[in-house]
Structures are given as structure tokens and as C-alpha cells.
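Only one structure is covered here, and it is reproduced in the block below.
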Amino acid sequence: MMETAPFSEQEIQRLRSETRGTTGRIHFNNAGASLPPDVVVEAVVKYLNEEALHGGYEVEARYKEALENVYALIARLIGSGTDEVCVVENASTAWGIAFHGVDLHPGDVVITSEMEYVTNIIGFLNAREQHGIEVKVIPNDERGNFSLPALERTICPRTRLIAVTHIASTTGGMIPIAEIGQIARKHGVLYLVDACQTAGQVPIDVNEVGCDMLSATGRKFLRAPRGTGFLYVRKEVQDRLRLLFMDGHSIASISQEGFQARADARRFELYEKNRGVMLGLGAAIDYALQVGVGRIWRRVQELAGSMRRQLRKVGGVVVHDQGEQLCGIVTFSVNGMDATAVKSALAERRINVSVGNAHSTLYFMDKHHLTSVVRASVHYYNTEEEIGALCESVASLYQTV
Ligand SMILES: Cc1ncc(COP(=O)(O)O)c(C=O)c1O
């Protein structure tokens, strides 16, 4: 049973005191990149210093176990085997390795949802052009929820892949990935989940989700350094994916006649990477597991719910998030003000928010005629006082429009 007990005020203060970034600013751009805990920063800096003093390969040998443990930590976070994950630089790379690894042929159908991220939409369009596939987008129903019956109706014998984004980039709604997984399994269709905004925010277990592949980043809700990400590929599916690029690390053996790929998911990654930030990723996952992702998720929902309620009371503000299950991403507009102007005005008051542009979640934004929205994304280290300060600032901005 996942621990979901609420945090005490003292715990939140302790967690904030372990994050130097919480002192100078109010950070509501966690969907862009969260503030890392100090231990994560220290792990990276220490490693880089050692590399400078002793040499990159020499330090790697010393940290062999700690680096190996990063795979085990990812596996613990998502409930997979250690041999089912690999470490890459970002979520787009992870997603691309999985998607472009699928052997697609003319007439094959890929099903997605209206919440899909831009990298993935580009991938679909590219595959349509190169392989003649068909892309079918399941629209959300009138209440903003993913339609499972529509998915069932859309699956046909030519459906090769279901690829969905659990949490979109520019709206607070979520897709029911475990229910979609049940349908994918029932029909024997490959299933790829973009969990970029999920990892570190929402508990995730790949076996409960029933996905074959899952991509994620470290820098968002996991609070890891930038330039970190990972890909999960179910053991039974690994041999079915084409390898897009390889180096000596991807293979188990080679002769002049041919090569044999490694027997684990690390065949999908390359040898050379920034091992300092990789250790930072491990430290961030360890920190999240110790805090408890179930507890994090509960607090994120409470804080985001509170932010939405308070923003709705501010004159001139429209909150755009739709659907029954909402996450820590809160999107809104201020009448008469451009989203970029809102972001800049808040930055002057030391409040970080971001702008969600139409192309990031193209299908959804086009459908709702949105060109951009203000995105304020909460994490568990944020507080009600910070939410109050944001809402007051937004109210005062509107009064000056
Ligand atoms: C839902 C979603 N998927 C994928 C990505 C791509 O992540 P990355 O920039 O790490 O490639 C993002 C980035 O914002 C995202 O929000």
C-alpha cells in the first residue's frame, strides 16, 4: 500500500531548508524544471570536481557501484526490472528511441490522444511521411476526459501502437493510462507512455500501467539536474524494437560477420554521457523515494486544487484545466494580457511561472482556440502562502490592465 500521509508543517519547512532555491523566489515552474534538493547539486559538483582532479575514466571506475545503482533506482521508481531501463539525456530522446524503433509499414495505424506532446506529434507526422502510417487522435469527451469507448472503437487490425502522454505540457488534465493499458493488452497492441511530467509527481508502476515502453525526464517533478532522462522497455519487447544508433556499449559481442545486441535495455543508450548529472538523477530519485511519491502526489493535488480555486476568484482570470483527474499543472489566462506579459510581470515580483505555447500540446490547444496560457505548476515544497502571493499578484496585475 502506497504511503499517502499528509506532510506536517515542520516537514515542509525541513524539505524547503534542504532546497536552497526556495529562499529567494517562489518557484511555480516545476513543469519546466523543479528546484533540485541540495544533495542533488552536491552529488553532481563533487563528481565533477573529482573528474577534474583524477580523470574521467578513473573516477567512473571508483563510482562504478553508485552509477550502476542509478538503474536500480529508476527501476524501483517505476516498478520495473533493472534490465528494462536505460539512461538518456531527455524525454524526447527516450520517446524517439522507442517510437522510431517500432517497425512501421504503410497502412499501419498509430492511435494517440489530444493531449500529446509536440515531440511526439512531430514523430507521428514524420512516420506518416516516411512510412505511410495513419495517425488517429482520440478527442477528449465534452467534459475533458479521455474516452475509453472511443479508443475501443478506433482499434482495428492495422493498429500497431497506442502512444499517449499521461500529463500534457500545457493543461492540467490527465489521461487514464492504466485503463488504456488494459485495452492495449486486450487487443495485443504495443503501448508507449510519455511520462515526462509524471515521474516524481505521480506514483507510477509500469506493470499496473501495462505499458511496453515509457519515457521520462529527470529535471521536472523528479528534481534531478537538466540533461537527464530515462526509457523503460519491457523485456519481451526489447528484441522487437529496431536499434537506431549503437556503440560498443550496445552490444554483447561482435565479429567481422555481425554483432549481438546486449541482453538488456542498455542496448538503447550510448556509452558516453555526463556521469555527474547521472549521479544527480540517482540522488534525486533516492530523495523522491525517501519523501514518498504517494505523499508527494497527494500534496501536489491539494496545492494545485487550492491554486485553481483561488485563481477562479480573481477577476479577469480564466482557468483552463479540464477533466476529472487534474495534476500539479495549473493553466490560466488573464483577460486583456498576453501570457508572456503575465510571466514577465510575475518574474519582477520574484515569482516563476512559464508560458504554455499552442504548439506544445497542438491538438488540445487548437481545439480550444488557445494560442498560449500561463502555466503555474506546483510541487510539494511549495506552500499555501506562496499560492496566496501568486493570486494577489495576478489580481493586482489585472487591476492595472
Ligand atoms: C509531456 C511532455 N513530454 C515530453 C517532453 C519533452 O521532454 P524533454 O524536453 O526532456 O525532451 C515534455 C517537455 O516539456 C513534456 O512536457
Side-chain angles (χ1 to χ4, degrees), residues 28-34 36 74 78 86-100 112-126 137 140 146 163-177 180 192-202 204 209 211 213-232 244 268-269 273-274 277-278 280-281 284-285 300 304 320-321 323 325-331 343 352-365 370 372-379:
F28 286 132
N29 189 13
N30 296 293
S34 285
I74 297 170
I78 62 169
C86 68
V87 174
V88 292
E89 289 76 17
N90 51 63
S92 294
T93 301
W95 190 91
I97 292 169
F99 176 74
H100 297 291
T112 188
S113 93
E114 73 173 51
M115 311 295 258
E116 203 60 1
Y117 185 66
V118 58
T119 299
N120 317 353
I121 296 174
I122 297 168
F124 300 148
L125 293 173
N126 197 34
V137 183
N140 283 349
F146 182 84
V164 293
T165 296
H166 185 208
I167 295 178
S169 171
T170 56
T171 179
M174 298 169 70
I175 294 287
I177 49 175
I180 295 173
L192 166 60
V193 173
D194 175 336
C196 185
Q197 298 285 0
T198 313
Q201 177 178 188
V202 189
I204 193 155
V209 173
C211 57
M213 299 156 288
L214 177 137
S215 55
T217 183
R219 73 181 183 283
K220 298 184 187 290
F221 288 88
L222 268 178
R223 309 182 64 194
R226 296 194 67 172
T228 57
F230 62 85
L231 170 67
Y232 156 80
L244 301 178
F268 299 110
E269 70 179 24
K273 49 174 63 76
N274 185 329
V277 297
M278 182 172 161
L281 172 66
I285 296 176
V300 164
H320 298 292
D321 308 321
Q325 178 68 71
L326 298 176
C327 69
I329 296 176
V330 178
T331 60
K343 178 188 155 178
N352 297 347
V353 296
S354 60
V355 173
N357 287 312
H359 82 241
S360 297
T361 315
L362 188 70
Y363 304 135
F364 173 87
M365 297 288 275
L370 293 166
S372 66
V373 291
V374 183
R375 182 178 71 171
S377 41
V378 300
H379 213 333

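Counting convention: from 1, in listed order, for ligands and their atoms alike.
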Which N or O atoms of ligand 1 sit under 3.5 Å from a protein N or O, and how far apart is each pair?
residue, atom, partner, partner atom, Å
ligand 1, 3 (N), D194, OD1, 3.2
ligand 1, 3 (N), D194, OD2, 2.7
ligand 1, 9 (O), R219, NH2, 2.8
ligand 1, 10 (O), A91, N, 3.0
ligand 1, 10 (O), R219, NH1, 2.7
ligand 1, 11 (O), A91, N, 3.4
ligand 1, 11 (O), S92, N, 2.8
ligand 1, 11 (O), S92, OG, 2.6
ligand 1, 14 (O), K220, NZ, 3.0
ligand 1, 16 (O), Q197, NE2, 3.0

task = Decide yes or no on side chain to side chain contact (heavy atoms under 4.5 Å, CB included) for K273 and V87, but give the supporting numbers first.
result = CA-CA 9 Å; K273 49 174 63 76; V87 174; 4.2 Å; yes
Using only atom types and a distance under 3.5 Å, with no angle test, would you say the side chain of [X] pairs donor to acceptor with the backbone of [Y]?
{"X": "T217", "Y": "T228", "result": "yes"}
{"X": "S34", "Y": "P36", "result": "no"}
{"X": "S215", "Y": "A94", "result": "no"}
{"X": "S354", "Y": "N29", "result": "no"}

request  = Go through the steps to decide whether V202 and M174 satisfy the test side chain to side chain contact (heavy atoms under 4.5 Å, CB included), and finish with yes or no.
outcome  = CA-CA 11 Å; V202 189; M174 298 169 70; 4.1 Å; yes
